There are 4 protein chains.
Amino acid sequence: MTKALDASEPRAKRSRGRPRGDARERILRAARRLLAAQRYDEVSVPEIVAAAGVAQGTFYLYFETKASLIVALADEIQRAIEAKIAACFSSDVPVIELVGRLIDAGAAVCRDHADILPFLRSEALLFGESRRSEELRKPHVEKLASLIQRDQRAGLLRRDLTPAYAARLISATLDQVARDVAGGSVSGNEIAYRDEAIAFLRRAIAAEARS
Amino acid sequence: MTKALDASEPRAKRSRGRPRGDARERILRAARRLLAAQRYDEVSVPEIVAAAGVAQGTFYLYFETKASLIVALADEIQRAIEAKIAACFSSDVPVIELVGRLIDAGAAVCRDHADILPFLRSEALLFGESRRSEELRKPHVEKLASLIQRDQRAGLLRRDLTPAYAARLISATLDQVARDVAGGSVSGNEIAYRDEAIAFLRRAIAAEARS
Amino acid sequence: MTKALDASEPRAKRSRGRPRGDARERILRAARRLLAAQRYDEVSVPEIVAAAGVAQGTFYLYFETKASLIVALADEIQRAIEAKIAACFSSDVPVIELVGRLIDAGAAVCRDHADILPFLRSEALLFGESRRSEELRKPHVEKLASLIQRDQRAGLLRRDLTPAYAARLISATLDQVARDVAGGSVSGNEIAYRDEAIAFLRRAIAAEARS
Amino acid sequence: MTKALDASEPRAKRSRGRPRGDARERILRAARRLLAAQRYDEVSVPEIVAAAGVAQGTFYLYFETKASLIVALADEIQRAIEAKIAACFSSDVPVIELVGRLIDAGAAVCRDHADILPFLRSEALLFGESRRSEELRKPHVEKLASLIQRDQRAGLLRRDLTPAYAARLISATLDQVARDVAGGSVSGNEIAYRDEAIAFLRRAIAAEARS
DNA sequence: AATGAATGAGCGTTCATTCAT
DNA sequence: GATGAATGAACGCTCATTCAT
């Protein structure tokens, strides 16, 4: 047929027909864009596929249902966030120093995903099998608890802290600060706020200076 | 704006018509029950009116649209929550004592509305521009900030705290504790956890004992 | 509003809006018309409602699914057929005479429902819970069996017939004749065919003339 | 007309490609299996190819459309049935004996194809104008009519039978008996039923014993 | 010959909403 | 005030089919 001939074309514009292999990616990106601006029930599959530039049937090649798309989308973003946070834990610094890094990483995350975070915080929670965001923070809280214990032994942190409890309290504080810093709630004073938060935590958990 | 929100007037005695219980109330209760178990987009008006035992048309006598029902429902619950939290601020106690009360009130709120909180945290937040959870907490954070300032002047709290910042940090911590206490994350040790959290905050903000 | 005014109009042409109460009937009639000409899978709900002159949503007010429409349609027609056949059994004639009446009734049925019978005989069988057409004939076959027994006792029919078996054989024959007569397979000779069939059955089942 | 029906040519050895079993055969077998359990409109091409273990595109190498698969499948089965029935006619026995054979052959057919017969009786019949069950039986009825004529000349059958009519009546009876015998409607008494049916027919058509 | 990603029309169905009663 | 039949747009989804590889 016309086959050998077409194949010799260096794979240029095919306006209809076969894959770029990127259909899934295009759909995810389009969905993210749309979900940043509208509720899940306001965004239709026709809208998503139109924005993605694929056919409606293609959607269902990659996602079982519309709902499963958000699970995938949330997973993707959360994986990225995880990675960024987990990186803070990899180096071997005292908790008192770690908190600063976690704030910065958290703020970066909030900034990078500012568009979609409201969505992630809201709708996505209702999609997975259960309480998702709690679950997601859990490993980090646990890691933090073990580092607290380590620093307690090293005499850096108060002995009367229960590591698991302290880890929760710190984590909540860090989240708040990261969000505030990224979200402009303290505009112009991010550094002062951050430093005050760190001092706040230090007083709450640091071992008293030996006399 | 001023349109969708105010179908709230309780109506007067109608002696004819079917339901004895007020139709509006029945609809709200049914919606709450259903929204505790399903997403907004999964709950239909037919479903709600069936659960409420009223006719489909009756729904539109009390709510302009399905979305406005959500707003009304969220308002109702949030008003109840507000009231409970605001009550803590009414008496004239030092911040260091206030935090304990806020934890207890917050935990009570979480327990009382456990069914519907995931819904409030998620979907409802996306309905009106102005009804993000940030906004809702704002008055309390501001009130707390002013109390911090008062206690600073009284020498009870550290002078180097920026009241607005400290208020945010405290608020985040209290939220976390209230949720943990109510949600069973620290089951069996609620009191120990609560007390440790209060001590944590005290160290962070209390003025150092004068020598 | 404009209500009292509109209501004074003597209920003339409402081109949109409220019921004639006949929506269900219109849908059934339209479906019958369409199913006489096309397979079930070729007839779409949009097509049916367009032919019926009702909105798509109205369809689902009266029928749970498209498939349940045919069950209803088949039931309706079969009830009419039942009635006609059952009427033959009501009077108290010998089986030998009854068969003639049954042929005539059967032929009338085939003619009256000529359009939809192929559909009923084919597709509809697969919709109900199980083998439908067998079930439907069963009561008549049983009634026939009991009449055979009666006539055996009266010496009108052969003693060596097993009533249940004979009833089946007669019934199959009658069906065939009714269909042939109505369907034009023996065009022009319907009466001769019918008479020969009756003679055929008489020889098969009548008691031998006493010598 | 001549188009949709003939994708039947068995193709020659293809040594490359995945399936060892011929793809066409696998598709037909899968379709038959599925159509025994579901209506035509419920069985999808994706489902068929999945059950057959071939790719979606492969389907269209062997069948022009989904509908043409049905026709091919029905043809295949009907050819097998034809052959079995036709075999009864091949030997040179009197009609009175033939009916017994036809019952047995018919019952065997019903048993062998029990799974797919409801499908054949229903949907398949509506696919081609020309493939109604009436048409399919016609050659056999005609053959039977000619044998009746032969036996009338031989003095074995009544002279007053119209061969074409008698053939129809006999055929309907045989069908009924075959179905009943195979379907368990007379369970345990198949032989008695069959014998009574034959006696029934003999009385109806045999020439009276000469005195 | 065989594949399977891609297509896009069109399905059955449900929805929020209206309004004559 | 309350009803519920009727609406029709729009939904999520599946389908039969194509064709570059």
Side-chain angles (χ1 to χ4, degrees), chain A residues 1-3 6-7 11 14 16-21 23-24 41 44-49 54-67, chain B residues 11-19 22-24 41 44-49 54-67 69, chain C residues 1-3 6-7 9 11 14 16-21 23-24 41 44-49 54-67, chain D residues 11-19 22-23 41 44-49 54-67 69:
Chain A
M1 293 188 181
T2 58
K3 195 176 165 191
D6 286 0
R11 215 183 178 307
R14 41 75 233 96
R16 257 255 319 285
R18 287 300 312 307
R20 309 75 144 172
R24 201 190 125 95
D41 70 297
S44 70
V45 174
E47 214 178 341
I48 294 169
V49 297
V54 302
Q56 194 131 349
T58 307
F59 182 96
Y60 293 93
L61 246 26
Y62 294 105
F63 303 98
E64 296 212 346
T65 63
K66 180 188 166 192
Chain B
R11 284 154 332 81
K13 71 223 130 178
R14 45 82 231 88
S15 58
R16 245 265 311 283
R18 266 259 270 26
D22 212 68
R24 187 172 192 276
D41 70 299
S44 68
V45 173
E47 211 179 346
I48 294 169
V49 298
V54 302
Q56 207 129 324
T58 306
F59 183 95
Y60 291 91
L61 249 27
Y62 295 103
F63 303 97
E64 297 215 348
T65 65
K66 180 188 165 191
L69 162 68
Chain C
M1 293 190 176
T2 58
K3 198 174 163 191
D6 287 1
E9 303 216 320
R11 215 183 178 306
R14 41 75 233 100
R16 258 253 318 286
R18 286 301 310 307
R20 305 82 144 170
R24 199 188 125 97
D41 70 297
S44 70
V45 174
E47 214 179 342
I48 294 168
V49 297
V54 301
Q56 196 130 346
T58 306
F59 182 96
Y60 291 93
L61 246 29
Y62 295 104
F63 304 98
E64 295 211 345
T65 63
K66 180 188 165 192
Chain D
R11 284 155 333 80
K13 72 222 127 181
R14 43 88 227 87
S15 58
R16 246 263 309 288
R18 268 256 269 25
D22 211 68
D41 69 299
S44 69
V45 173
E47 209 179 346
I48 293 168
V49 297
V54 302
Q56 207 129 327
T58 306
F59 182 95
Y60 292 90
L61 251 25
Y62 296 103
F63 303 98
E64 298 213 348
T65 66
K66 180 189 167 194
L69 161 69

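Lettering of chains follows the sequences in order, A, B, ..., and the numbering in each one begins at 1. None of these values were measured; they are calculated from a predicted model.
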For [X] and [Y], work out which heavy atoms get closest and say how close.
X: Ala55(A); Y: Val49(A); result: O-CG1, 4.0 Å
X: Val45(A); Y: Gln56(A); result: CG1-NE2, 4.2 Å
X: Tyr60(A); Y: Thr65(A); result: CE2-CA, 4.2 Å
X: Arg24(B); Y: Tyr62(B); result: CB-CD2, 3.7 Å

Leu69(B) and Ile48(B), any side-chain heavy atoms less than 4.5 Å apart = yes
Side-chain atoms of Val54(D) come closest, of dA6(E), dG8(E), dT3(E), to dT3(E)
Whole angstrom value for the distance that separates [atom2] of [N] from [atom1] of [X]:
X: Leu61(A); N: dC15(F); atom1: CG; atom2: P; result: 13 Å
X: Tyr62(A); N: dG12(F); atom1: OH; atom2: C1'; result: 19 Å
X: Arg24(A); N: dG4(E); atom1: CZ; atom2: P; result: 19 Å
X: Asp41(A); N: dA10(F); atom1: CG; atom2: P; result: 15 Å

Tell me the stems DNA chain E sits in, counting at least three consecutive Watson-Crick or G-U wobble pairs, each under 3.5 Å on both distances.
-> E:2-21 with F:2-21
Could you write nucleotides 13-18 of chain E as a row of B, S and -, 5' to 3', where a protein heavy atom under 4.0 Å of any base atom gives B, of only sugar-phosphate atoms gives S, and otherwise -?
-> BBSSBB
